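For the numbers below, each heavy atom of this structure counts, side chains included, while hydrogens, waters and symmetry mates do not. Below, chain A is the first sequence line, B the second, and so on; all start at residue 1. Predicted, not measured: the structure shown is a model, and the values here were computed from it.
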There are 2 protein chains.
Amino acid sequence: MGIVERKEREREEMRKRILEAAQKLFLENGYEKVSIRNIADAIEYSPATIYLYYKDKNELLYALHQIGFHKMIDAFQSALQLEDPFDRLVELGRRYFQFAFDNPELFDLMFIMTAPMDALACKNDIWDEGKSAFNLLVTCVQECIDKGLFKTQDAEVASLMIWSSVHGYTALFLRKRLEMFEENRRKELMESAFNLFNETIRHGL
Amino acid sequence: MGIVERKEREREEMRKRILEAAQKLFLENGYEKVSIRNIADAIEYSPATIYLYYKDKNELLYALHQIGFHKMIDAFQSALQLEDPFDRLVELGRRYFQFAFDNPELFDLMFIMTAPMDALACKNDIWDEGKSAFNLLVTCVQECIDKGLFKTQDAEVASLMIWSSVHGYTALFLRKRLEMFEENRRKELMESAFNLFNETIRHGL
DNA sequence: CAAATGTACTGAACACCGTTTATTAATCAA
DNA sequence: TTGATTAATAAACGGTGTTCAGTACATTTG
């Protein structure tokens, strides 16, 4: 008598089908193509059906944003194997930017758009994905402290500062605020600024 | 026979009237209230009329964004009077964040939304406001270098790094990505991270 | 001064959007 | 088989940015 189980399974399948259609549209055509109506078209259901499985568009975007975090943590994995914690730290920064560069829409969803956060807030829930990604950073910084590479003793504060810096650089680029620098110099300038930050914390943090 | 002059004047007045209505709506009710139709209502003209004075909504947003820069540069003014260039630098950072905190919608327009930048791009124009605000920072950093406070010799690269850091911290806050820290600790944590950054560049840059 | 030209403006439409609701069709339990 | 539950939808609501044909008025010309 597994009827309720089957129903539950079917429900999950439908949620997944919707999410996958959303992801496909999103990755193929960017944010503007992810309308409830477009998703409905893609899965050949009516727009109203989406609302039987997701409360609203924000909740759907939050689910997409979770997928983004899985992708990002994947991208971080091999960097975490690096022996030296400082090398690891620098590599994490590099990959944060690279991830944003390769997946601008996902990054948007993960760190810039307010919509997915609003979905969280109205569920009175906690941003688990963000927290666990941040903890990756904290662990790494803590190792730097333990090895005596940093004078600072507060790994969390140091991590926030490092995240801010790398994020700022990334967000300004992504939102076209670095286009005031000529295209030729831009890449070099950004690389220099990134290196300068690394050197500065290497010797001064 | 100043008819064409009068017409030109009337045209500028209308552009100004539209922009002021947009600004008013924007500051009073946030971004979502700035629709072409809302602006048209406010100035008691039809929506189509707006398009006789601004190419599209992006162009209007770009004009608003320029107003934002004037406000921000105003907010910077008194900090620029500070004697010590490093104190000045720190104060500029503080005010960047404070400006964002006090004018979140404007800050959005100035540094986060892509729309106004798209308006610029399709006119093949340069982001003058951004450049001149950035130059304020470069000048300050250059003074720090000249006074021997920083070892680095490239003021532009150092400025980009500093801007990135302060911007990142600001953008993460504004976009609710720091709400994973409990509300009580958050403010303190951010202040600590900001101070840590300042100390680090003070001794290590 | 009257007719012709130019232009400022608008109503209505187009093609979208997120979301809600009343209703129908299908499935399940008794 | 009947009655209750559930899944899906058509249609609408109230918005959005934008375009365009047409009107009414101002200006120039004969």
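- Of the residues in residues 117-125 of chain A, none has a non-hydrogen atom less than 4.0 angstrom from any atom of DNA chain D.
- Backbone-only contact: Y53(A) has heavy atoms under 4.0 Å from sugar-phosphate atoms and none from a base.
- Applying the side-chain hydrogen bond (donor to acceptor under 3.5 Å, both in side chains) rule to K57(A) yields no partners; only residues at least two apart in sequence or on another chain are considered.
- At least one side-chain heavy atom of L160(B) sits under 4.5 Å from a side-chain heavy atom of L178(A).
- The distance from atom CG of D41(B) to atom P of dG11(C) is 11 Å, rounded to the nearest whole Å.
- In this structure, the CG atom of L60(A) is 10 Å from the P atom of dG18(C), given to the nearest Å.
- For the pair Y45(A) OH and dT9(D) C1', the interatomic distance rounds to 12 Å; values are reported in whole Å.
- Side-chain contact between H167(A) and Y169(B) is absent, with no heavy atoms from C-beta onward closer than 4.5 Å.
- Remark: S46(B) is not in phosphate contact with dG11(C), judged by side-chain N or O atoms under 4.0 Å from OP1 or OP2.
- A donor-acceptor pair is defined here as one N or O able to donate and one able to accept, closer than 3.5 Å; no such pair exists between the side chain of Y62(A) and the backbone of L120(A).
- R17(B) has its CZ atom 13 Å from the C1' atom of dC9(C), to the nearest Å.
- The backbone N or O of V90(A) sits nowhere less than 3.5 Å from a side-chain atom of R95(A) that would complete a donor-acceptor pair.
- Remark: R175(A) is not positioned above the aromatic ring of F111(B), lacking an NZ or CZ atom under 6.0 angstrom from the ring centre and at most 45 degrees off the axis.
- Straight-line distance from the CD atom of E8(B) to the C1' atom of dT7(C): 14 Å, rounded to whole Å.
- In this structure, T49(A) does not reach the dA8(D) phosphate: none of its side-chain N or O atoms is under 4.0 Å from OP1 or OP2.
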**Request:** Would you give a per-nucleotide map of nucleotides 12-25 of chain D, 5' to 3', where B means the base has a protein non-hydrogen atom under 4.0 Å away, S means only the sugar-phosphate does, and - means neither?
**Result:** B---BBBBB-----

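- When the C1' atom of dA8(C) is taken as reference, atom CE of M14(B) falls 9 Å away, rounded to whole Å.
- Considering F181(A), F194(A), F101(A) in turn, F101(A) is the only one that fulfils the ring pair (Phe, Tyr, Trp, His ring centres under 6.0 Å) rule with F173(A).
- Straight-line distance from the CD1 atom of I39(B) to the P atom of dT10(C): 15 Å, rounded to whole Å.
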**Asked** K123(B) and E59(B): salt bridge (Lys or Arg N to Asp or Glu O under 4.0 Å), yes or no, with the steps?
**Response** CA-CA 10 Å; K123(B) 286 202 301 179; E59(B) 198 172 294; 5.4 Å; no

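- Nucleotide dT19(C) holds its P atom 14 Å from the OH atom of Y54(A), rounded to whole Å.
- Proximity of L149(B) to I145(B): side-chain heavy atoms (C-beta onward) are nowhere separated by under 4.5 Å.
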